[in-house]
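Nothing here was measured: the structure is a model prediction, and the numbers come from that model.
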Amino acid sequence: MVTGQDRGIVTAVSYSAKALGITRGLPIFRVKRDYPNVIILPGDYPSYVHYSGLMFDIVRRYADDVEEYSIDECFADITGLDKPLKMTYREIAERIKKEINEELDLSISVGVAPTKSLAKVASKWVKPNGLTVIEKETAHNFLERTPIEKIWGIGNQTSIFLKKRGIKTAVDFACKKREWVEENLSKPYKAIWYELNAIPIMEVDPLPKLLYSSIQKTQTFRPPSNDKIFLLSQLSGHIEDACAKARRYDLVPKSISFFLKTQDFRYVSRSLHLACATNAPEAIIPLAHIELEKMHVKDVLYRTAGVGLHGLVPGKAYQGDLFGGTAKAGKFEEIHKRMDVLEKKWGRKMVWVGSSGSDGNDKMSEMKGDKLFL
DNA sequence: TCTGGGGTCCTAGGACCC
DNA sequence: TCTGGGGTCCTAGGACCC
């Protein structure tokens, strides 16, 4: 069994499907073609969010500092809790695991170690339903059986770089001289080196002050297109969605980015600082228009368009500036409020900005400049 | 019918300033 | 006859993760 959307890629793989050699990221059409017996299900995000919350709650019974790393993973700092709980670290992990098993009927794999990087190695050591403890003294036994590319934070590019220098396993890396590491690698990889040597660098970050520090909306379209009006309508739609999400969380971006992905997977992007932080699409869409002109190359086909809101800070629709940046605020604030209400009541895309509606063929194609239609 | 969508963090280099 | 050294800020894009 796998989850994934039609025309998309595999996002989760059951152990039985894994055994067939199916991996995350495989296009769904290839699963259909090559593995006709595999069941393909759509994801059910709201359920995952629900169970995720219940799981984290159980972990929090035993640790105050719990970092929700992703929807199905967390780090818990249990340093020093062995004394008050009168349990070994292993026993604490066993208890958490047991309660999640019994109360949620979910199996989880747990790793216990002196650093986050080693805990990651430990949690992956036995799956499913595993529990592995790595101690400072035993770390090398695990690392010598871990290929370098399996280490959290070391991806394809870096493993190629490291392998060229004779580093094939995690222990090869951990045993490199500190001077070499300091001289040849950038910050994130130095941190991993220390962490594999049981020196904690990465902190468990219980609850970030902000839920999001950026919001992105992207969509791939088929067939790929070169039509500026169409591309702008895509960007426009994403701006609306991203701004709506920002408003839901009362966040305002200080900068924004636009990007296009070409048919051959090259990225082109523009990012810019907003003179006046805003989460009003009306203020951002004209910028997309300008930036699209700069990014767009004649005859190049694009497959994806995306928008990002960055440097999010708490705030309402408009952060006024000294020179009356709030002047337009009143005008649109009321519209957004009503649009947000409609969306909440009737679902997404009940109302949208005219510039978001073009498929490149309809009358919106005549849209010029930053004129908007509601 | 080639390869989704949503995130985080980091760095190189240009522009500008004193 | 060429033009140092030390900053800051900003953007484009890379790398990685789930």
Less than 4.0 angstrom from a charged side-chain N to a carboxylate O is my criterion; do [X] and [Y] meet it?
X	Y	result
A:Glu67	A:Lys116	yes
A:Arg61	A:Glu103	yes
A:Glu149	A:Lys163	yes
A:Glu240	A:Lys217	no
A:Glu99	A:Arg95	yes
A:Glu195	A:Lys120	no

Q) Do A:Thr158 and A:Asn156 pass the side chain to side chain donor-acceptor pair (under 3.5 Å) test, and can you show the C-alpha distance, the side-chain angles, and the key distance before you say yes or no? A) CA-CA 6 Å; A:Thr158 311; A:Asn156 195 241; over 6 Å; no
Q: Return the nearest nucleotide to the side chain of A:Tyr69; candidates are B:dG5, C:dC18, B:dG7.
A: C:dC18
Q: Identify which nucleotide among B:dG5, B:dG7, B:dG4 has an atom closest to any side-chain atom of A:Thr218, counting heavy atoms from C-beta outward.
A: B:dG5
In whole Å, I'd like the distance from the [atom1] atom of [X] to the [atom2] atom of [N].
X	N	atom1	atom2	value
A:Lys217	B:dG7	NZ	C1'	12 Å
A:Ile71	B:dG7	CD1	C1'	13 Å
A:Tyr48	B:dG6	OH	C1'	16 Å
A:Gln219	B:dG5	CD	P	6 Å
A:Glu67	C:dC17	CD	P	15 Å
A:Ile151	C:dC17	CD1	P	10 Å
A:His238	B:dG5	NE2	C1'	10 Å
A:His310	B:dG7	NE2	P	10 Å

Donor-acceptor pairs are to be reported for all side-chain atoms of residues 294-308 of chain A against protein atoms at under 3.5 Å, with residues two or more places apart or in another chain.
residue, atom, partner, partner atom, Å
A:Lys294, NZ, A:Glu291, OE2, 3.4
A:His296, NE2, A:Asn226, O, 2.7
A:His296, NE2, A:Asn226, ND2, 3.3
A:Tyr302, OH, A:Val297, N, 2.9
A:Thr304, OG1, A:Thr220, OG1, 2.9

Q. What are the two closest non-hydrogen atoms of A:Leu251 and A:Asn279, and how far apart are they?
A.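 What the structure gives for the nearest pair is O-ND2, 2.9 Å.
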Q | Over all atoms of both residues, closest heavy-atom pair of A:Pro114 and A:Ala198 | A | CG-CB, 4.2 Å
Q. Hydrophobic cluster mates of A:Ile39, side-chain heavy atoms under 4.5 angstrom, ILVMFWY only, any path?
A. A:Met1, A:Leu41
Q. If you link I, L, V, M, F, W and Y whenever their side-chain heavy atoms are under 4.5 Å apart, who else ends up in the same group as A:Val2?
A.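 Result for A:Val2 is A:Val10, A:Val13, A:Leu20, A:Ile22, A:Leu26, A:Ile28, A:Val31, A:Tyr35, A:Val38, A:Ile40.
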Q) For DNA chain B, which residues in residues 11-24 of chain A have a heavy atom at a distance below 4.0 Å? A) A:Thr11, A:Arg24
Q | Of residues 173-193 of chain A, the positions that come close to DNA chain C - non-hydrogen atoms, cut-off under 4.0 Å | A | A:Tyr189
**Q.** Positions of residues 154-162 of chain A (non-hydrogen atom under 4.0 Å from DNA chain C), listed by number
**A.** A:Ile154, A:Gly155, A:Asn156, A:Gln157, A:Thr158
Q: Could you list the residues that satisfy side-chain hydrogen bond (donor to acceptor under 3.5 Å, both in side chains) with A:Ser255, not counting sequence neighbours?
A: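 Testing A:Ser255 for side-chain hydrogen bond (donor to acceptor under 3.5 Å, both in side chains), a comparison that skips the adjacent residues, returns none.
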Q. Between A:Leu211 and A:Lys261, which is nearer to the 5' end of DNA chain B once each is assigned its nearest nucleotide?
A. A:Lys261
Q: Starting from the 5' end of DNA chain B, give me the residue, A:Thr220 or A:Ser213, whose nearest nucleotide shows up first.
A: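 With A:Thr220 and A:Ser213 compared, the 5'-side residue is A:Thr220.
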Is there any protein nitrogen or oxygen under 3.5 Å from a nitrogen or oxygen in nucleotides 1-3 of chain B, and what are the pairs?
residue, atom, partner, partner atom, Å
B:dT3, OP1, A:Arg222, NE, 3.2
B:dT3, OP1, A:Arg222, NH2, 2.7
B:dT3, OP2, A:Arg303, NH2, 2.7

Taking N or O atoms only and anything under 3.5 Å, show me the protein contacts with nucleotides 8-11 of chain C, one pair per line.
residue, atom, partner, partner atom, Å
C:dT11, OP1, A:His273, N, 3.2

(Q) Is there a side-chain contact (heavy atoms from CB on, under 4.5 Å) between A:Ile151 and A:Ile192? Walk through the geometry before answering. (A) CA-CA 9 Å; A:Ile151 294 296; A:Ile192 294 171; 3.8 Å; yes
Q | Paired and unpaired positions of DNA chain B as dot-bracket, Watson-Crick or G-U wobble under 3.5 Å, | denoting a partner strand | A | ....||||||||||||||
Q.
Mind checking if A:Gln5 touches a base, just sugar-phosphate, or nothing, with heavy atoms under 4.0 Å?
A.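 No contact at all - A:Gln5 keeps every heavy atom at 4.0 Å or more from the nucleic acid.
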Q. What does A:Ile28 touch in the nucleic acid at a heavy-atom separation under 4.0 angstrom: a base, only the sugar-phosphate, or nothing?
A.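 It contacts nothing in the nucleic acid.
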(Q) Looking at B:dG7, I'd like to know if its phosphate oxygens (OP1 or OP2) sit under 4.0 Å from a side-chain N or O belonging to A:Ser214. (A) no
Q. Do A:Phe230 and A:Phe221 have ring centroids that are under 6.0 Å from one another?
A. yes
Review item, side-chain donor-acceptor pairs of residues 258-266 of chain A, under 3.5 Å, at least two apart:
residue, atom, partner, partner atom, Å
A:Thr262, OG1, A:Asp264, OD1, 2.7
A:Thr262, OG1, A:Arg266, N, 3.0
A:Thr262, OG1, A:Arg266, O, 3.3
A:Asp264, OD2, A:Arg266, NE, 3.2

Q: Cation-pi check, A:Lys32 to A:Phe29: give yes when NZ or CZ is under 6.0 Å from the six-membered ring centre and within 45° of the ring axis, no otherwise.
A: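 No.
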Q) Are the side chains of A:Glu68 and A:Val59 in touch, meaning some heavy atoms are under 4.5 Å apart? A) no
Q. Any ring pair (Phe, Tyr, Trp, His ring centres under 6.0 Å) pairs touching residues 42-78 of chain A, not counting sequence neighbours?
A. A:Tyr69-A:Phe75, A:Tyr69-A:Trp152, A:Phe75-A:Trp152
